Amino acid sequence: QVQLVESGGGLVQAGGSLRLSCAASGLTFSSYAMGWFRQAPGKEREFVAAISPSGGNTLYADSVKGRFTISRDNAKNMLYLQMSSLVPEAAAVYYCGADPAYRTLVLSSHGNGLDYWGKGTLVTVSS
């Protein structure tokens, strides 16, 4: 079955950096658009970044543009999110999601309708 497993979360000071990873299995990874979403306590899940199956197209939420970088390694079935200049407001559980259609990811502000999800990794940012 399809599995998406996030890792790399943890506690970081404001202004610091963190790299999240998502290991995918059970699907033809190179055929899927991938994305990162996050959910803070008491808030709705929100879009962070998306990347097309080939990696040639990316999209970012305005709140992370210029500070976060999404990337993928199709040979390793891995998705990454490099986060820098972290602010306390970035603290959340970060989820990776997969869908065959890049359009689904970029049009879904809350990730509704994606085919597959991971269980998330917690990022805590101390001020």
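No experiment lies behind these values; they were computed from the predicted model shown.
No more than 12 heavy atoms of other residues, nucleotides or ligands shown are found within 6.0 angstrom of NZ on Lys43. More than 12 heavy atoms of other residues, nucleotides or ligands lie within 6.0 Å of CD in Gln82, so this atom counts as buried by the packing criterion.
When side chains are defined from C-beta on, Phe37 counts as touching Leu114, because their heavy atoms get closer than 4.5 Å. By the 4.5 Å heavy-atom criterion applied to side chains, Thr124 and Val12 are not counted as neighbours. Trp36 has its side chain out of reach of Ile51: every pair of non-hydrogen atoms, C-beta onward, lies at least 4.5 Å apart. Contact of the Val123 side chain with the Arg38 side chain is not registered, since no non-hydrogen atoms from C-beta on lie closer than 4.5 Å. Within the 4.5 Å cutoff, side-chain heavy atoms of Ser30 are placed close to those of Thr28. Under the 4.5 Å side-chain criterion, counting only non-hydrogen atoms from C-beta, Arg103 is not in contact with Ser52. With contacts defined as side-chain heavy-atom distances shorter than 4.5 Å, the pair Ser31/Pro53 does not qualify.
In this pair, Tyr94 and Phe68 present their aromatic rings tilted. The plane angle is within the 30 to 60° band. Ring orientation note: the planes of Trp117 and Tyr95 are nearly perpendicular, at an angle over 60° on the 30°/60° scale.
Here the OG atom belonging to Ser127 is positioned 9.0 Å from the CD atom belonging to Glu89, to the nearest 0.5 angstrom. The CE atom of Met34 sits 5.0 Å away from the SG atom of Cys96 when rounded to the nearest 0.5 Å. Rounded to the nearest 0.5 angstrom, Asp62 CG and Phe47 CZ are separated by 10.0 Å. In this structure, OG1 on Thr121 lies 8.0 Å from CG on Leu18, to the nearest 0.5 angstrom. We find the CE-CZ distance between Met83 and Arg19 to be 11.5 Å, quoted to the nearest 0.5 Å.
Across all their heavy atoms, Ser108 and Gly111 have their closest contact at OG-N, 2.7 Å. Smallest separation of non-hydrogen atoms from Gly113 and Asp99: O-OD1, 3.5 Å. Pairing each heavy atom of Ala40 with each of Ala91, the nearest pair is CB-O, 3.7 Å. Residue Gly55 comes nearest to Thr58 through the heavy atom pair O-CG2, 4.5 Å, listed as atom of the first residue, atom of the second, then distance. Considering every non-hydrogen atom in both Ile70 and Gly35, the closest pair reads CD1-CA, 4.4 Å.
Proximity of a side-chain donor or acceptor of Tyr60 to a complementary backbone N or O of Ala50 within less than 3.5 Å is not detected. Using modelled atom types, one side-chain atom of Ser84 and one backbone atom of Arg67 make a donor-acceptor pair closer than 3.5 Å.
Under a hydrophobic-cluster definition in which Ile, Leu, Val, Met, Phe, Trp and Tyr are linked whenever side-chain heavy atoms come within less than 4.5 Å, directly or via other members, Leu105 and Leu107 are assigned to the same cluster. Residues Met78 and Val5 do not share a hydrophobic cluster, defined by chaining ILVMFWY side chains whose heavy atoms lie under 4.5 Å apart.
Residue Val48 forms a side chain to side chain contact (heavy atoms under 4.5 Å, CB included) with just one option from Leu81, Leu20, Leu59, and that option is Leu81.
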Q: Please test Arg45 against Val93 for side-chain contact (heavy atoms from CB on, under 4.5 Å), starting from the C-alpha separation and ending with a verdict.
A: CA-CA 9 Å; Arg45 184 172 58 197; Val93 177; over 6 Å; no

(message) Run the side-chain contact (heavy atoms from CB on, under 4.5 Å) test on Phe29 and Lys76 for me, step by step, so that the C-alpha distance in whole Å, both residues' side-chain angles and the decisive distance to 0.1 Å come before the verdict.
(response) CA-CA 9 Å; Phe29 185 70; Lys76 295 182 179 179; over 6 Å; no

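The cationic group of Arg72 does not satisfy the cation-pi geometry with Tyr80, failing either the under 6.0 Å distance to the six-membered ring centre or the 45° limit from the ring axis.
Between Lys119 and Glu6 there is no salt bridge, since none of the side-chain N atoms of the basic residue sits less than 4.0 Å from a carboxylate O of the acidic one.
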